[in-house]
Engineer: 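Here's a structure for you.
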Amino acid sequence: MSDLIITGGRVIDPAQNIDGEFSVLIRDGLVEFIGAPGEAKAKASADAEKLDATGKIVTPGLIDMHVHFREPGMEAQETIASGAAAAVAGGFSSVACMANTDPALDSAADINFVYQKAAAAGLANVFPVGAITAGREGRELAEMAQMARVGAVGFSDDGVAVPTAGLLRKAMTYAKMLGKPIIEHCEDASLTGEGVMNEGYVSTVLGLPGAPSESEEIIIARDVAIARLTGAHLHVQHVSTAGSLEIIRNAKRQGVRVTCEVCPHHLVLTDESVRGYDPIFKMAPPLRAQADVDACLKGLLDGTIDAIASDHAPHLAEAKEQGFLAAPCGVIGLETMLGILLLKLVHGGKISLLELLPKLTVAPAGILGLGRGVLKPGTPGDVTVIDLDREWVVDPAKFKSKSLNCPFTGWQLKGAAVATVVGGKVAFRDGV
Amino acid sequence: MNWTRKHLLGLEELSAEEIVHILDIASGFKEVSTRSIKKVPALNGRTVVNMFFENSTRTNLSFQLAARRLSADLLTFSKSGTSVSKGETLIDTAKNIEAMGVDIMVLRHGAAGAAKHLSENIDCSVVNAGDGQHEHPTQGLLDLYTIREVRGKIAGLKVGIVGDIAHSRVARSNIWGLTKLGAEVMVVGPSTLIPRDIEKMGVTVCTDMDQAIRECDVLNMLRIQFERQDGAPFPSIREYIQLFGVTESRLKQAKPDVTIMHPGPVNRGIELSPEVADGPRSVILRQVTNGLAVRMAVLFLLAGVDG
């Protein structure tokens, strides 16, 4: 019997409406008890490991449902082990990794490979998302049932959308049979064209080709229609425009089974950041206008946006140094996400902690069917301890991630994870 | 005025006063080129390097001659292709050249933002000789110089910039310079070549060439590139000429003193009919002459600023 007792903290579990000073007892990897400190202490074994969370927030282990761990194929950028280390350092006990590796995660063997590597690393839970189409080539369905059988939590060709409505219909119909979501990167390749940033006044002044918001919105509208047709669960990745949120809001109102996520950078940065031509601000979808940022915040508050995800996308420094036109899209985010959200949204007065935490716990767990994100007896003992007042400066050189492509370098943040517990094991602790 | 800028990256960041100062200094240098000995010792002992990563004839030659007439030592480095290959980045190349003891780098590059990127990574002065579709400040300055010389003023004139506005660095530098000096700017072209929200730069948009010809004091005709990676922006050259080409008959509607400009090289018979390009309203060769004076002024001013 192995016990971990977390004492002294303010436990917030949005799924159970718990908010109060309680102790959490985890036994053999599962939540055993939440309740009065005396009672928890009495239940705990004499040699229980202790985590003193006095003055801190104790919450179900955070879940980032959208990361890129680059293994197999691009291990210089990130590995499952380095990504998992970044995850727990950022407060995330679980992540879902995307299939755009080389080769793509499109078979049961690939899904098993991710679980094996994650188990060997022994840090965060890493849940693989399988490719929708073989090789992510957008031609034929991948063996989705085989992948689901060994633990793929959803399917996505992330990086690109499924190219045609006909193929998407097949994928959604099939995924519905398997009870898994289709997770879409919504972008119309023909409308994006050569676009490397948001199309608007800033792209015009900079002389950089832009991609209009409609490039994202058209595919979301198409995907919502196919979700309505098939009854499948559509999850829209990284929404970034006001128009996208309108489409999703309406779809939800009509009962279509659609969920969506937003990335921290789309909540706090605009295309004005691109003015210095620094490719660190190049991502897909691109940074948009202030009105879009405002719409994303509104969508978080009114429930249109279900989850917040980092789209952690490591790249080599050399690749990012090729200039704005040639550099690849993407930013890392696992180790800054919580700090950014706490500083800009919670301390910034835009959203309360009680509104924020579900987007990082129970909501992504529900979308992916993880059976986590809640501190109920019998569920996996994943816990994050947060210090709301910890002040720190973003320095990618100190990150566990192998890559440095962080758009928040030098930012003074307030709030950080100080311990991450995964299955009852303290996978990360910093000063507690 | 006291010139303090180390780099010339674009006209967007210059004040009206700074722009006028460059034009005034250029006037002095223009006189040098009329002497029998066309050389001054202003940059004696200084080294200028031309780094051209895109094909260019006139801009490259103009900068070379400008440096020589100022008595600077000159290096030229040309490499075709829009991106410097991996392993030898633009900055690597530039640092190697800078290590030889260079005072001013003149950079032409296919990527927007390249000159700014260079200026942030090396110690010497940088002149942007065209960065992708962003800016071409010395072209903008020589256009301003030419308009001021021919028309005696810039403020109050209506200037039409005609053609591929979306992909043109010349258009952007002209818009910044002209609006700062009080001209009224109209951008003219097929709607597929007018970029999003360009009105916010302080210009009006017109897709009717006859209206533009009737209203404008100056027409600056941009070079049209029919083949583009993202597909042809209009159905045919013939249709473009019908809508936007300037011919003698069309020019009859113009103000009698209209000034016709073109940054070159002219697609004869497309943007301009040969008669118009070579006709009395054209100042195309004067633009080239003035380009030399303007580039001398720019090199001279930047060389006077201590690193």
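So that the names make sense, note that chain A is the first sequence line, chain B the second, and so on, each numbered from 1. Side chains included, hydrogens not; waters and symmetry mates left out as well; all remaining heavy atoms used. Since this is a predicted model, take the numbers as computed values, not measurements.
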Engineer: Examine whether an atom of F324(A) lies under 4.5 Å from a heavy atom of chain B, and if so say whether it belongs to the side chain, the backbone or both; otherwise answer neither.
Structural biologist: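 The answer is neither part of F324(A).
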Engineer: If we define contacts as heavy-atom pairs under 4.5 Å, which of H117(B), M201(B), R169(B), E135(B) has the most with chain A?
Structural biologist: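 Of the candidates given, the most pairs with chain A belong to M201(B).
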Engineer: Can a salt bridge be assigned to the pair K158(B) and E184(B) using a cut-off of 4.0 Å between side-chain N and carboxylate O?
Structural biologist: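 So K158(B) pairs with E184(B) through a salt bridge.
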Engineer: Does this structure show an ion pair linking E13(B) with K116(B), if we count only N-O contacts that are shorter than 4.0 Å?
Structural biologist: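 No.
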Engineer: Measure distances from K200(B) to the heavy atoms of chain A and classify the residue's part below 4.5 Å as side chain, backbone, both or neither.
Structural biologist: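 For K200(B), backbone and side chain are both near chain A.
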Engineer: Return the orientation label for the H109(B) and F53(B) ring planes: parallel under 30°, perpendicular over 60°, tilted otherwise.
Structural biologist: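 Ring orientation, 0 to 90° scale: tilted.
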Engineer: For E199(B), is it the side chain, the backbone, both, or neither that has a heavy atom closer than 4.5 Å to a heavy atom of chain A?
Structural biologist: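 Neither the backbone nor the side chain of E199(B) comes within 4.5 Å of chain A.
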Engineer: Counting only non-hydrogen atoms closer than 4.5 Å, does E199(A) touch chain B with its backbone (N, CA, C, O), its side chain (CB onward), both, or neither?
Structural biologist: both
Engineer: Taking every non-hydrogen pair under 4.5 Å, which of L208(A), L206(A), D278(A) racks up the most with chain B?
Structural biologist: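 Highest number of pairs under 4.5 Å: L206(A).
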Engineer: For F63(B), does the six-membered ring have the charged nitrogen or CZ of R295(B) within the cation-pi criterion, i.e. under 6.0 angstrom from the centroid and within 45° of the normal?
Structural biologist: yes
Engineer: Would you mind checking which part of V205(A) comes under 4.5 Å of any heavy atom in chain B, side chain (CB onward), backbone (N, CA, C, O), both or neither?
Structural biologist: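 For V205(A), the contact with chain B is made by backbone and side chain together.
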Engineer: Counting C-beta onward and ignoring hydrogens, is there a side-chain heavy-atom pair between E78(A) and H312(A) closer than 4.5 Å?
Structural biologist: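 Yes; the side chains approach each other to less than 4.5 Å.
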Engineer: Parallel, tilted or perpendicular: which fits the ring planes of W411(A) and F408(A), with parallel below 30° and perpendicular above 60°?
Structural biologist: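 Geometry flag for F408(A) against W411(A): perpendicular rings.
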